[in-house]
Amino acid sequence: MKVADYLIKSLETLGITDFFGLPGDYNFNILYAINDNPNTNWIGCTNELNAGYAADGYARVKGFGAVVTTYGVGELSAINAVAGAFAENVPVINIVGVPKTSDIENKTLIHHNFQAPDYYAFERAFSNVVETTAYLTSKNAKSEIDRVITTFVKERRPVYIAIPIDVTQIEIDGNIGFEYPESNPDNLKSAVEAIVNLADKSKKTVLLADAVLKRYRLEKEFEKLTQQTGYPATNFLMGIGAINTSLKNYPGTYLSDYGNDTAKEILHNTDCLISFGAIYSDLNTFGFALPYDLEDFAAIYGSYTVVNHKRYNDVMMNDILQELIKQLPQKVINLPEIKTGYPELEIKNEKLSSKYIYPRLQEFFKEGDCLFIETGIIPYGFAEIKLPDNVTVNTQTLWGSIGWATPAAFGANAALKDKGRVILFTGEGSHQLTAAEIGNMMHCGFKPVVIVLNNNGYTVERLLSNSPDDNFNNIIQWNYLKLPEVFAGNVWTASAKTDEEFNTVLKMAEQQDCMCYIEIFTEEMDIPSITQKTINKIKELKNTASV
């Protein structure tokens, strides 16, 4: 089998059946391999950055994603998207078509290069934002593909493969050779014993789910553990959707000092926290408010575990979950009555604001929905929503690259293929960076619900800068409802400026059988209350650090 065909076949076995990117004369042979495989599909994007974001969204929904670029100009355009995936444990493979081996060896000056050619410069750049890299040759192609994909599967983070034009056509052994990760049995046993000992001595054991648990797609296993043990189970912001809100021992999302006193009391007063895939960052935790270090107790990551600051390597999260389901002691823990979610609000025909938007969306969401929420002020409005069961929630809270959500939602649509409703909620400032992928959604016949919040500029930056009136936080005005008209495809558009209009628009959206593109308007500084409190905390932390 040719090298390019083997790579695509290997990735197909992981469930990657759609590849995002742009064509370039150095990657044509890779694209032919995608098109020639009857089970894989090429999806062209408007630029490589968007292609990387789309692969990110695809991976969050389907498990793994892939972006294909050309040498230099293409891959560097995608590097921010790959870096974001690296920060948030999203497994995206970046496949780069590069010039032929003889040009590399002779340092021939050909296009997409520096005047003094350095054919490994971009691999070195990517080495900082991926788990591992490979530059294929005629001698190492098979072994390097297998090594890189083995790492890809184990760590669930981005990897990078560069393939010279001539190497794509070399014949190699076509038997799939990458390996699925297995835990070291001794380390697994020791880690489980250490966790069980902690729980045995504990009177207030708590479980916590977060982003990396989602990357390994272990929500069902976590739910089984929660039901089996009876322990209270909560989540950080990035873990929203990892736990079904109907569970009796789910106290809701941890909001630090900004709400949900039940979750705060449980998490702050635990004597044994068992966390799964936690990312302990400022925005994810509402300002580092926990009175302990996660690794004081048991912190379970994708491929290793830390218990009381002792690290156990080569321990896979799935294996440790399965063992804990069998071995953790069951305890009857009487939780206080838990009321999560927004209360139902009446319509007053007032100007639309966050006080109505998020409670109304709570009613709009349905079981099985797939949400993509842009970074900035919006995720905090979702923090208090009570979701139906089996709703997946995707944010980019740690990396926080504005514009991510629109193409990521495009990638999610490709992954789901009409098997679930994709809902995108983005701010107009972020949307302007990547809005061209709306055209690709329409071209592919996807039917997401797109909600664009127009609040006249970069509101989150207005909150963070010295003055909300700083002119660098202004943006140009678009007529957003005319944007879909630029692209060919079936779309329903609407706008809302009052609570009554928003209520009506959402009801109408539920009746459509095409993309719904909705623009909503609020005052410039209208924000969820938790957003304001979190921003104040972040500014306080910054000022403390500067002193």
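When side chains are defined from C-beta on, L283 does not count as touching L237, because their heavy atoms never get closer than 4.5 Å. Under the 4.5 Å side-chain criterion, counting only non-hydrogen atoms from C-beta, M515 is not in contact with P484. I279 has its side chain out of reach of T397: every pair of non-hydrogen atoms, C-beta onward, lies at least 4.5 Å apart. When side chains are defined from C-beta on, L361 counts as touching L506, because their heavy atoms get closer than 4.5 Å. Side-chain contact between I110 and Y71 is absent, with no heavy-atom pair separated by less than 4.5 Å. Residues I451 and Y517 form no side-chain contact, since every pair of their non-hydrogen atoms from C-beta on lies 4.5 Å or further apart. T395 is listed as a side-chain neighbour of M238, based on a closest heavy-atom distance under 4.5 Å. With contacts defined as side-chain heavy-atom distances shorter than 4.5 Å, the pair I149/L11 qualifies.
In this structure, C444 SG and F410 CZ are separated by 4.5 Å, a value rounded to the nearest 0.5 Å. A distance of 10.0 Å separates CD1 of I34 from CD1 of I16, quoted to the nearest 0.5 Å. Summarising the geometry, atom CG belonging to N128 is positioned 7.5 Å from atom CD1 belonging to I79; distances are rounded to the nearest 0.5 Å. Rounding to the nearest 0.5 Å places CD of E428 at 10.5 Å from CD1 of I520. In this structure, L387 CG and T245 OG1 are separated by 6.0 Å, a value rounded to the nearest 0.5 Å. With rounding to the nearest 0.5 Å, the separation of OG1 in T17 from CD in E12 is 8.0 Å.
Counting only N and O atoms by type, the side chains of K366 and N390 include no donor and acceptor under 3.5 Å apart. A donor atom on one side chain and an acceptor atom on the other are not found under 3.5 Å apart for S495 and Y480. Between N235 and T253, the side chains place a donor N or O and an acceptor N or O closer than 3.5 Å (distance only, hydrogens not considered). W42 and D18 share no side-chain donor-acceptor pair at under 3.5 Å. No side-chain N or O of T69 forms a donor-acceptor pair with one of N27 less than 3.5 Å apart. H431 and T426 share no donor-acceptor pair across their side chains, judged by distance under 3.5 Å alone.
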- Message: L424 vs T406, test: side-chain contact (heavy atoms from CB on, under 4.5 Å). Steps then yes/no.
- Response: CA-CA 7 Å; L424 165 64; T406 297; 3.7 Å; yes
- M441 and K447: CA distance, side-chain angles, deciding distance, side-chain contact (heavy atoms from CB on, under 4.5 Å) verdict: CA-CA 8 Å; M441 293 188 205; K447 303 172 184 178; over 6 Å; no
- Task: With side-chain contact (heavy atoms from CB on, under 4.5 Å) as the test, would you mind laying out the steps for R156 and F64 before giving the verdict?
- Result: CA-CA 8 Å; R156 304 296 168 102; F64 300 92; 3.5 Å; yes
- Evaluate the side-chain contact (heavy atoms from CB on, under 4.5 Å) criterion for residues L255 and F286: first the C-alpha distance (whole Å), next the side-chain angles of each, then the deciding distance (0.1 Å), finally the verdict. CA-CA 7 Å; L255 304 176; F286 301 93; 3.7 Å; yes
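Under the 3.5 Å distance criterion, the side-chain polar atoms of T531 are matched with a main-chain donor or acceptor of I377. N47 places a side-chain N or O within 3.5 Å of a backbone atom of N50 that can act as its donor or acceptor partner. With D526 contributing its side chain and S353 its backbone, the two residues share no donor-acceptor pair below 3.5 Å. Here the side chain of N413 pairs a donor or acceptor atom with the backbone of A409 at under 3.5 angstrom. No donor-acceptor pair under 3.5 Å is formed between the side chain of S77 and the backbone N or O of G74. Under a 3.5 Å cut-off, the side chain of E131 and the backbone N or O of F152 do not form any donor-acceptor pair. Proximity of a side-chain donor or acceptor of K214 to a complementary backbone N or O of T392 within less than 3.5 Å is not detected. No side-chain donor-acceptor contact under 3.5 Å links T133 to the backbone of E123. Panel note: side chain T151, backbone R147; a donor-acceptor pair is recorded below 3.5 Å. In this structure, S430 contributes its side chain and E374 its backbone to no donor-acceptor pair below 3.5 Å.
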Pairs under 3.5 angstrom only: tabulate donor-acceptor contacts from the side chains of residues 157-166 to other protein residues two or more places apart or in another chain.
unit_1, atom_1, unit_2, atom_2, d
R157, NE, F86, O, 3.2
R157, NH2, F86, O, 3.0
Y160, OH, E75, OE1, 2.7
D166, OD1, T101, N, 2.9
D166, OD1, T101, OG1, 3.1
D166, OD2, T101, OG1, 2.9

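Residues passing the side chain to side chain contact (heavy atoms under 4.5 Å, CB included) test with A414, sequence neighbours excluded: F20, I43, Y58, F446. For the side chain to side chain donor-acceptor pair (under 3.5 Å) test, no residue two or more places apart in sequence or in another chain qualifies with Y258. Take A436 and apply the side chain to side chain contact (heavy atoms under 4.5 Å, CB included) test, not counting sequence neighbours, and it matches T46. Under the rule for a ring-ring contact (aromatic ring centres under 6.0 Å, His included), the partners of F114 that lie at least two apart in sequence or sit in another chain are F122. With sequence neighbours excluded, no residue forms a ring-ring contact (aromatic ring centres under 6.0 Å, His included) with H443. Applying the side chain to side chain contact (heavy atoms under 4.5 Å, CB included) rule to K2 yields the partners D5, Q169, E171; only residues at least two apart in sequence or on another chain are considered. Contacts of N456 classified as side chain to side chain contact (heavy atoms under 4.5 Å, CB included), with partners at least two apart in sequence or in another chain: Q477, E524. Y356 meets the ring-ring contact (aromatic ring centres under 6.0 Å, His included) test with no other residue; sequence neighbours excluded. In this view, D56 and R60, W404 satisfy the side chain to side chain donor-acceptor pair (under 3.5 Å) rule, not counting sequence neighbours.
Comment: E523 engages K351 in a salt bridge, judged by a side-chain N to carboxylate O separation of less than 4.0 angstrom. Between K100 and D103, at least one side-chain nitrogen of the basic residue sits less than 4.0 Å from a carboxylate oxygen of the acidic one, meeting the salt-bridge criterion.
Put simply, the residue from T168, D146, I170 that forms a side-chain contact (heavy atoms from CB on, under 4.5 Å) with Y6 is D146.
Summarising the local packing, NZ of K386 is surrounded by more than 12 heavy atoms from other residues, nucleotides or ligands at distances under 6.0 Å. Counting heavy atoms of neighbouring residues, nucleotides and ligands inside a 6.0 Å radius, atom OH of Y280 exceeds 12 of them.
Within the structure, side chain to side chain donor-acceptor pair (under 3.5 Å) pairs that include any residue of residues 485-494 do not occur (at least two apart or interchain). Counting only residues at least two apart or on different chains, the side chain to side chain donor-acceptor pair (under 3.5 Å) pairs with a member in residues 498-507 are R360-N503.
Taking the six-membered ring wherever Trp is involved, the centroid distance between the rings of F425 and F372 does not fall below 6.0 Å. The aromatic ring centroids of Y119 and Y135 lie 6.0 Å or more from each other.
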